[in-house]
Amino acid sequence: MTDTRFDARFDPGQADARWQRAWEDARCFEAGSDNDRPKSYVLEMFPYPSGRIHIGHVRNYTMGDVLARYKRMRGHEVLHPMGWDAFGMPAENAAMEKGVHPSGWTRENIANMKAQLKRIGFALDWSREFATCDAEYYGHEQALFLDLYEAGLVYRKESEVNWDPVDMTVLANEQVIDGKGWRSGAEVEKRKLNQWFLKITHFAQDLLDGLGALDGWPDKVRLMQENWIGKSRGLQFRFDLSDGQGLEVYTTRPDTIFGASFVAVAADHPVARNVAADNADAQAFIEECKRGGTTAAELEKAQKLGFDTGLTARHPFTGEALPVFIANFVLMDYGTGAIMAVPGHDQRDFEFASKYELPIPRVVAASAADAGQPFMGAAEPGDGVIVNSGFLDGMGVEAAKRAVTERAEEEGWGSGRTVWRLRDWGVSRQRYWGTPIPFIHCGKCGVVPVPKDRLPVELPEDVDFRTPGNPLQRHPTWKHVDCPQCGGKAARETDTLDTFTNSSWYFLRFASQPDGRPFDPGEVADWLPVEQYIGGIEHAILHLLYARFWTRALQHIGQLDFAEPFASLFTQGMVTHETYSRRDPDDGKRSYFLPDEVERRSDNAILKSDGFPVEIGRVIKMSKSKKNVVDPDEIVARYGADAVRWFMLSDSPPERDLPWSEAGIEGCWRFVQRLWRLFGHFDAAATGDDQALDRKTHQTIAAVAEDIEALSFNKAVARIYELASAVEKAEPGSSRNAAIRTILLLVSPMMPHLAEEAWQAIGTGGLVAGAAWPVVDEGLLVEDEVTIAIQHKGKLRDTLSVPKGASKEALEELALASEKVQRSIDGAEVRKVIVVPDRLVNIVT
RNA sequence: GCGGGUGUGGCGGAAUGGUAGACGCCGGGGACUUAAAAUCCCCUGGGCCACGGCCCGUGUGGGUUCGAGUCCCACCACCCGCACCA
């Protein structure tokens with residue numbers, strides 16, 4: 001007996017939209033905090049509104065959606081919001097290229113992408129949606145920025161920037177390619193500009209310490225942040241120079257101080273500039289250093305180059321006069337921009353000393369007896385015993401570090417110092433499409449904060465992108481204001497904030513949106529920290545570090561009472577696809593084809609338009625240039641949201657890359673229909689128990705729950721397939737009915753539309769979106785029969801089915817009685833029998 | 001160079017130190033059909049086979065163990081991050 005309502009195929013074309021509307025009408029996914037349910041905040045990194053959702057978004061949001069829906073089924077009140085990281089360069093580029101306004105362009109993109117997301121059926125709380133380009137949002141951001149300024153965490157200083165003279169804008173390091181602007185192609189200049197900074201270094205130690213407790217984060221990300229923060233302990237000390245000046249250097253290896261054979265300063269170090277002032281050769285050398293590229297490959301090849309200043313530095317212990325070089329490998333912005341060079345125990349110093357024929361003394365050796373050992377063509381940076389070092393001889397490296405530091409401090413020429421790689425966060429951008437920095441420059445009063453009651457400082461609408469540069473700077477009226485302090489004529493700051501500031505607190509605004517303030521601390525405390533944050537590994541450092549900083553900073557000024565915004569972080573893999581291409585026989589150029597243009601056979605592929613084969617390339621990250629992209633809209637239209645969602649969860653573990661394939665999505669589509677037919681086998685009139693099926697059902701409930709909580713969606717999917725197969729083989733009856741309803745509930749977070757459609761027919765009323773996760777009967781989790789493996793010398797010979805809990809003696813006896821085992825033993829003497837109850841018996845002869 | 005990760009069938013991948021390859025995809029065979037689609041069933045790591053089974057097999061080489069994909073040591077390959085950070 002089957003249910004005729006399931007005779008027709010499941011048609012996502014009509015079902016998807018219907019259920020999406022039903023959820024919206026019922027306001028299913030709007031989160032409220034005024035109840036006793038445990039709170040779960042599930043968040044995926046919000047998208048930049050580029051225009052189209054891409055498949056990577058779909059994977060990211062599907063994972064979050066399954067978790068959010070699952071948590072709801074487990075009785076949690078779930079906050080699962082969505083919004084738009086809406087400021088940024090692409091909008092300005094579009095404005096320059098197409099003559100559209102960044103705002104209009106962005107709003108249109110948001111509308112399109114929102115419609116796309118809705119078609120995939122995500123359980124999102126759209127009532128909390130906002131875009132960071134909403135004046136309301138960035139106004140609150142300005143207020144927070146002013147609060148941080150009040151607290152001394154914001155400052156302004158002159159600093160060097162990459163300046164593109166054609167586009168008249170500052171470029172980030174990654175926008176400078178081979179010394180040229182990535183858009184204009186113009187030679188990039190170093191310029192000094194007054195820039196706004198956030199004092200992230202104030203929290204360097206805190207940010208580092210906090211990582212230790214973030215055990216819901218991948219070790220990889222924690223390590224990356226740790227390296228980025230880059231704490232090092234060392235000695236900073238002063239050399240007396242032959243010209244009477246002092247030179248501060250920093251070293252992490254004070255133990256090797258007796259091995260110093262020269263001193264080196266960076267090309268832009270004041271000592272270098274001094275020397276260059278009346279020395280043309282030095283000047284030329286410094287210029288040359290500045291030209292050197294900074295890419296990995298260039299540095300690899302770059303020779304260690306130096307310029308002998310003629311100055312000498314007096315060694316603090318030996319009094320020896322060490323030559324002072326300007327060296328291209330010394331960085332001005334680390335430590336003091338000057339080093340003591342110990343060629344024996346630092347590879348860079350070694351290369352330099354070898355080139356300029358400077359002494360390479362040994363001061364660390366494997367043992368005191370090896371004090372005279374020569375170097376084998378490389379420095380020895382490792383551990384050992386200090387030698388040739390006066391009072392340090394015989395000490396270990398660590399002890400010697402302490403001893404030197406103590407002496408330096410006693411004698412007053414140096415002290416222990418911690419140096420960080422982390423720099424303060426430069427947030428000034430000379431661009432239009434960002435949060436205006438809420439300050440006013442007054443000739444009399446200096447830099448004056450905009451009073452909070454005059455926030456937001458709104459972006460002007462009437463801007464012109466036809467000429468390069470910052471439209472805010474050029475705007476005829478916008479920047480002219482009266483000074484809030486003296487009332488005199490003054491000018492607005494025309495820089496805007498780095499877009500990473502927008503994403504540094506959006507998760508707070510999702511949790512709480514009171515009028516007139518950024519957020520309500522109490523309401524934020526209901527939801528935060530985010531229980532599960534999901535996004536790409538590309539944000540491992542910048543966004544995630546900035547968000548941690550911002551949260552700490554708000555805690556510091558008493559607006560929050562927690563420091564870490566994201567309790568658990570998950571970084572999902574990319575969606576990949578093979579490439580299809582062909583080399584032009586004439587010019588050898590390779591052209592790529594979209595998957596849609598190609599007919600993929602099992603072992604080759606042909607171009608549909610001409611019937612000739614194309615080359616099948618490696619499975620790589622989807623990119624427009626390689627055309628190995630699929631459009632979520634098209635596949636959702638073709639297969640329905642549920643098949644696409646199912647694909648996103650199947651097969652590949654979520655942290656790894658997921659290869660998209662036509663065959664794979666076809667398989668998902670078939671499974672959607674197979675489930676649909678399966679649901680049609682629900683027969684309310686059927687009776688009869690099947691304990692084996694009951695066990696399978698309950699084991700699956702428990703396993704799928706565990707898998708979803710571990711975000712191991714691929715395993716949950718496999719479990720569901722298994723149960724589905726078992727149900728298909730089962731006889732009609734109450735057990736089968738229960739199993740069918742169970743599958744329906746288990747798949748409902750993953751295939752919510754199919755689940756609603758079937759629930760309407762065979763469920764217990766209401767929306768499945770409001771149904772509870774099935775309860776596990778613990779008693780059914782344990783098998784009463786187990787399969788025992790019988791091994792002979794570690795190799796499997798036989799299996800036995802025995803009642804669970806059978807005694808060791810019984811198992812041994814059964815194992816030895818096995819014909820196959822006896823044949824394998826072949827009369828040899830049994831020396832030992834290992835019995836693992838309910839698992840195996842291993843007979844050793 | 002430094003740091004981290006990953007290596008399992010044709011492919012994606014399962015596997016608390018205990019039956020390697022669950023589950024999916026591809027492929028093969030069959031059923032249903034006038035035919036196709038859809039669906040269902042069976043097979044599907046390699047090699048032998050007397051059809052009872054046997055041998056080999058988780059990147060390579062060692063080791064620990066009654067037993068290793070899993071633990072230890074060394075090596076190889078690939079991927080990711082950082083990079084002249086003193």
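Values in this document were obtained by computation on a predicted structure and should not be read as measured data. Here is how names work: the chains are called A, B, and so on, in the same order as the sequence lines, proteins then strands, and each is numbered from 1.
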Side-chain N or O of A:Asn714 versus OP1/OP2 of B:rG24: is the shortest distance under 4.0 Å?
no

What orientation do A:Tyr334 and A:Tyr250 show, parallel under 30°, tilted 30 to 60°, or perpendicular over 60°?
perpendicular

When you get a sec, tell me which of [options] is the closest nucleotide to the side chain of [X]?
X	options	value
A:Leu840	B:rG18, B:rC84, B:rC85	B:rG18
A:Val330	B:rA86, B:rG18, B:rU39	B:rA86
A:Leu223	B:rA83, B:rG3, B:rU39	B:rG3
A:Arg839	B:rC85, B:rG18, B:rC84	B:rG18
A:Arg656	B:rU19, B:rC55, B:rU6	B:rU6
A:Ile339	B:rU19, B:rG52, B:rA86	B:rA86
A:Ala663	B:rG24, B:rG18, B:rC25	B:rC25

Does the side chain of A:Arg674 pick up a donor-acceptor pair with the side chain of A:Ser725 at under 3.5 Å?
yes

Can a side-chain donor-acceptor contact be found between A:Thr576 and A:Asp657 if the only test is distance below 3.5 angstrom?
no

For A:Leu241, the option from A:Val263, A:Thr309, A:Val324, A:Leu322 that meets side-chain contact (heavy atoms from CB on, under 4.5 Å):
A:Val324

Report which part of the nucleic acid A:Asn842 touches: base, sugar-phosphate, or nothing (heavy-atom distance under 4.0 Å, all strands).
base

Under 4.0 angstrom, heavy atoms only, what part of the nucleic acid is A:Ser652 near: base, sugar-phosphate, or nothing?
sugar-phosphate

What parts of residues 715-725 of chain A reach RNA chain B, counting only heavy atoms under 4.0 Å away?
A:Lys715, A:Ala718, A:Tyr721, A:Glu722

Atom CD of A:Glu662 and atom P of B:rC25 are separated, to the nearest Å, by 14 Å

For RNA chain B, what dot-bracket results from Watson-Crick or G-U pairs at under 3.5 Å, with [ ] for crossers and | for inter-strand partners?
(((((((..(((.....[....))).(((((.......))))).((((....))))..(((((..]....))))))))))))....

Are any protein N/O atoms closer than 3.5 Å to N/O atoms in nucleotides 77-81 of chain B? If there are, list each pair with its distance.
{"from": "B:rC80", "atom 1": "O2'", "to": "A:Lys220", "atom 2": "NZ", "distance (Å)": "3.4"}

Is a salt bridge present between A:Lys696 and A:Glu722, judged by a nitrogen-to-oxygen distance below 4.0 Å?
yes

